[in-house]
**Q** 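Please see the structure below; I have some questions.
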2 protein chains.
Amino acid sequence: MQGPSLPKMNATEQAYHIIRNDILTGKLEEGERLTETRLSDDLGLSRTPIREAIGRLTLEGFIERDKGYTTRVAYFPEDEAEQIYEIRRLVECYSVQRAARLATPEDIAKLRAIHTAMKEDTPPKDQAAYQRLAAANEEFHHTIVTAARSPRLTALMATALDVSMVVRTYSMFSQKDLQRSLNHHEEIIQAIEAGAAEWASSIMSAHLLAGAARVVENIAKTAQEKE
Amino acid sequence: MQGPSLPKMNATEQAYHIIRNDILTGKLEEGERLTETRLSDDLGLSRTPIREAIGRLTLEGFIERDKGYTTRVAYFPEDEAEQIYEIRRLVECYSVQRAARLATPEDIAKLRAIHTAMKEDTPPKDQAAYQRLAAANEEFHHTIVTAARSPRLTALMATALDVSMVVRTYSMFSQKDLQRSLNHHEEIIQAIEAGAAEWASSIMSAHLLAGAARVVENIAKTAQEKE
DNA sequence: AAAAGGCATTCTGCATGCAAAAATTGGACC
DNA sequence: GGTCCAATTTTTGCATGCAGAATGCCTTTT
């Protein structure tokens, strides 16, 4: 499931993505102890990039360190996804308000371009189209945060709120969901273009609440099937 | 100005704090190029801890990386402090709402303890008392975020929103400001204890807006004096 | 059987070496 | 004077070595 056409990645980034992915898919279990040695053996890399990846994942809250040499996969609360969506709603609604005031024509053009590409992939014909949609969606949201012109905000989203994997793991959005999502995006762009901060914020809020509801539902369904 | 009684810090943490401090005090100027070699010479450490410190500061937005080997001190927007306070308000108001619902008796006891200690240092007799107050204030806010029982939230605050240095650089709070701040803290604790989420959120909002106003004023004054 | 203590093993933090990539310099050419 | 290109130097990314700290095992004791 490691994407087929990764762009060139250096060892540290590889380590970061692989470990993160393994945590989110459960291949590395919650609370499991991690050692640099084992990981570097498993991934065929030296300890240095592993160290750096672990450092980053620790900052992001995926990995926890005890007092001594003990490093464990973090324990995630059951309502992890809801928590993240709530925080995203907080941050992204604020972002889109700023974006409505501060977005440049280039920002808006970029949003339009992403949106157009997403429309062309809907409904998704195959798995690849699905992947593209997910990536484009991430970029759409990221573009809005960037358009808010607050470096702190950007760092925030990049660091602690990237739910892509969580969502990707659980999500099977129906065609109806996708269409609604696209409509939201369309309306968000219009609101930004109009400089209507509150409008933009409201529709973003709805967008994320809808997304959260879908994800929570999917998680529940998945859990049920396991029994 | 490097605190006199640092607890034992490993090399990486030392590097992190020194570099960060040097950026925030302007000893390392905005846009200045940084190389691991020079920093490791300057700090008398090897490249490894420097590397790790730089990595973290990059994630936090204090340092920026261009395409190649070029690493620079980030350019900070003029309204940096306001931006941070706005984001803090977003995050901490949400945190304190959760805290009002989820705080344990231990959390509340800790808040009370910090609060008591702060009262005993007010008004601050000397520079050391001032430092203690600043540290205690940070801990107060951090405790609230922790009490929100959302690891993501905690990571967020730790990573991107630590304004202590910015504030410390510019702040000369008057006795009246300090007293008001303490009153806010007191009321926040009461609201949390009462489980009153909205109350807690409102007073926290006022608390941070007041703080922001003071800081902005101080920055303006400082800028004026420079002319 | 449980607890305590000492010993061997493992792990991390830091330093350093090396090759490849990037930046800089200097010179040729326009 | 400005621009392009190649040689040189610098810098990073990664691998590895080493000492000290932490962990876990195994024996001893109660």
Side-chain angles (χ1 to χ4, degrees), chain A residues 2 6-23 27-75 158-159, chain B residues 2 6-23 27-75 158-159:
Chain A
Q2 256 99 258
L6 334 180
K8 57 189 168 193
M9 267 201 270
N10 55 25
T12 299
E13 276 181 68
Q14 276 182 46
Y16 169 79
H17 286 290
I18 294 175
I19 297 171
R20 183 169 181 283
N21 190 60
D22 286 353
I23 291 175
K27 203 151 115 191
L28 293 172
E29 287 172 28
E30 292 189 19
E32 179 174 344
R33 185 175 177 193
L34 300 176
T35 71
E36 297 174 2
T37 323
R38 179 164 72 84
L39 286 171
S40 69
D41 282 349
D42 288 354
L43 304 192
L45 299 165
S46 81
R47 275 180 51 217
T48 305
I50 301 288
R51 247 182 107 65
E52 290 179 1
I54 287 180
R56 180 166 170 195
L57 289 164
T58 302
L59 279 181
E60 295 178 359
F62 292 103
I63 290 177
E64 292 170 351
R65 315 190 77 113
D66 291 358
K67 263 287 159 59
Y69 284 173
T70 309
T71 302
R72 293 177 286 92
V73 176
Y75 294 95
T159 302
Chain B
Q2 255 100 258
L6 336 179
K8 57 188 169 192
M9 267 200 269
N10 56 24
T12 299
E13 275 182 69
Q14 276 182 46
Y16 170 78
H17 286 289
I18 294 175
I19 297 171
R20 185 170 181 283
N21 190 61
D22 287 353
I23 290 175
K27 203 151 115 192
L28 293 172
E29 288 173 28
E30 292 188 18
E32 179 174 345
R33 184 175 177 194
L34 300 175
T35 70
E36 298 173 3
T37 324
R38 180 163 72 84
L39 286 170
S40 69
D41 284 348
D42 289 355
L43 304 192
L45 299 166
S46 82
R47 275 179 51 218
T48 306
I50 301 290
R51 247 182 108 64
E52 290 179 2
I54 288 180
R56 180 166 169 194
L57 289 164
T58 302
L59 280 181
E60 295 178 359
F62 291 103
I63 290 177
E64 291 169 353
R65 314 190 78 112
D66 291 358
K67 265 286 160 61
Y69 285 173
T70 310
T71 301
R72 292 177 288 94
V73 176
Y75 294 95
T159 302

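All chains are named by letter (A, B, ...) in the order of the sequence lines, taking the proteins before the strands, and each is independently numbered beginning at 1.
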**Q** Is the closest side-chain heavy-atom distance between Y16(A) and M9(A) below 4.5 Å?
**A**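 No. Closest side-chain heavy atoms not under 4.5 Å.
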**Q** Do you know the tightest heavy-atom contact between E30(B) and Y75(B)?
**A**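 What the structure gives for the nearest pair is OE1-CA, 3.6 Å.
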**Q** Whole angstrom is fine here: how far is it from CE in M9(A) over to P in dC14(D)?
**A**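 M9(A) atom CE is separated from dC14(D) atom P by 12 Å.
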**Q** Please report, rounded to the nearest Å, how far the C1' atom of dC11(C) is from the CZ atom of R72(A).
**A**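 Taking CZ of R72(A) and C1' of dC11(C), I get 16 Å after rounding.
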**Q** If you compare every side-chain N and O of R47(B) against the phosphate oxygens of dC14(C) (OP1, OP2), does one of them come in below 4.0 Å?
**A**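 So the side-chain polar atoms of R47(B) never come under 4.0 Å of the phosphate oxygens OP1 or OP2 of dC14(C).
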**Q** Go through dG13(C), dA20(C), dT16(C) for me and flag the one nearest to the T48(B) side chain.
**A**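 Nearest listed nucleotide: dT16(C).
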**Q** Give the rounded distance in Å between these two atoms: CG of L45(A) and C1' of dA15(D).
**A**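 From L45(A) CG to dA15(D) C1': 11 Å.
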**Q** Specify the closest pair of heavy atoms between I19(B) and A53(B), including all atoms of both residues, with the distance to one decimal.
**A**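 Shortest heavy-atom contact: CD1-CB, 4.3 Å.
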**Q** Rounded to the Å, how far apart are R65(B) CZ and dT11(D) P?
**A**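 The distance from CZ of R65(B) to P of dT11(D) comes to 14 Å, rounded to the nearest Å.
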**Q** Taking only side-chain N and O atoms of T12(B), does any of them lie within less than 4.0 angstrom of OP1 or OP2 on dC14(C)?
**A**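 Indeed, a polar side-chain atom of T12(B) lies that close.
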**Q** Taking all atoms of both residues into account, what is the closest heavy-atom pair of E29(B) and V73(B), and its distance?
**A**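 Looking at all heavy atoms of both residues, the closest pair is O-CB, 3.3 Å.
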**Q** How many whole angstroms separate atom CG of D41(A) from atom P of dT16(D)?
**A**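 One finds 11 Å between P of dT16(D) and CG of D41(A), rounded.
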**Q** Taking only the side-chain heavy atoms of R33(B) (C-beta and beyond), determine which of dT12(C), dT11(D), dA15(D) contains the nearest atom.
**A**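 So the nucleotide nearest the side chain must be dT11(D).
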**Q** Please work out if L39(A) contacts a base, only the sugar-phosphate, or nothing of the nucleic acid, heavy-atom cut-off 4.0 Å.
**A**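 Touches nothing.
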**Q** Which atom pair, heavy atoms only, marks the closest approach of E52(A) to T12(A)?
**A**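 Shortest heavy-atom contact: OE1-OG1, 3.1 Å.
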**Q** If the cut-off is 4.0 Å, is S46(A) near the phosphate of dA15(D), judged by side-chain N/O to OP1 or OP2?
**A**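 Result: yes.
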**Q** Rounded to the Å, how far apart are I50(B) CD1 and dA15(C) P?
**A**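 Rounded to the whole Å, the gap is 9 Å.
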**Q** Rounded to the Å, how far apart are E36(A) CD and dA15(D) P?
**A**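 My rounded result for the distance is 13 Å.
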**Q** Can you see which heavy atom on R38(A) is nearest to which on R33(A), and at what distance?
**A**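 For R38(A) versus R33(A), the nearest heavy atoms are NH2-O, 3.2 Å.
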**Q** Verify the contact: side-chain N or O of T37(A) to OP1 or OP2 of dT10(C), cut-off strictly under 4.0 Å; return yes or no.
**A**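 No, because none of the side-chain N or O atoms of T37(A) sits under 4.0 Å from OP1 or OP2 of dT10(C).
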**Q** Measure CZ/R51(B) against C1'/dT11(D) and give the value in whole Å, please.
**A**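 Distance, rounded to whole Å: 10 Å.
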**Q** Where is the tightest heavy-atom contact between G61(A) and A74(A), given as atom of each residue plus distance?
**A**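 Nearest pair, atom of G61(A) first, then A74(A): O-CB, 3.4 Å.
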**Q** Counting a pair only when it is Watson-Crick or G-U and both distances are under 3.5 Å, which runs of at least 3 such pairs involve DNA chain C?
**A**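 So far as stems of 3 or more pairs are concerned, DNA chain C shows C:1-30 with D:1-30.
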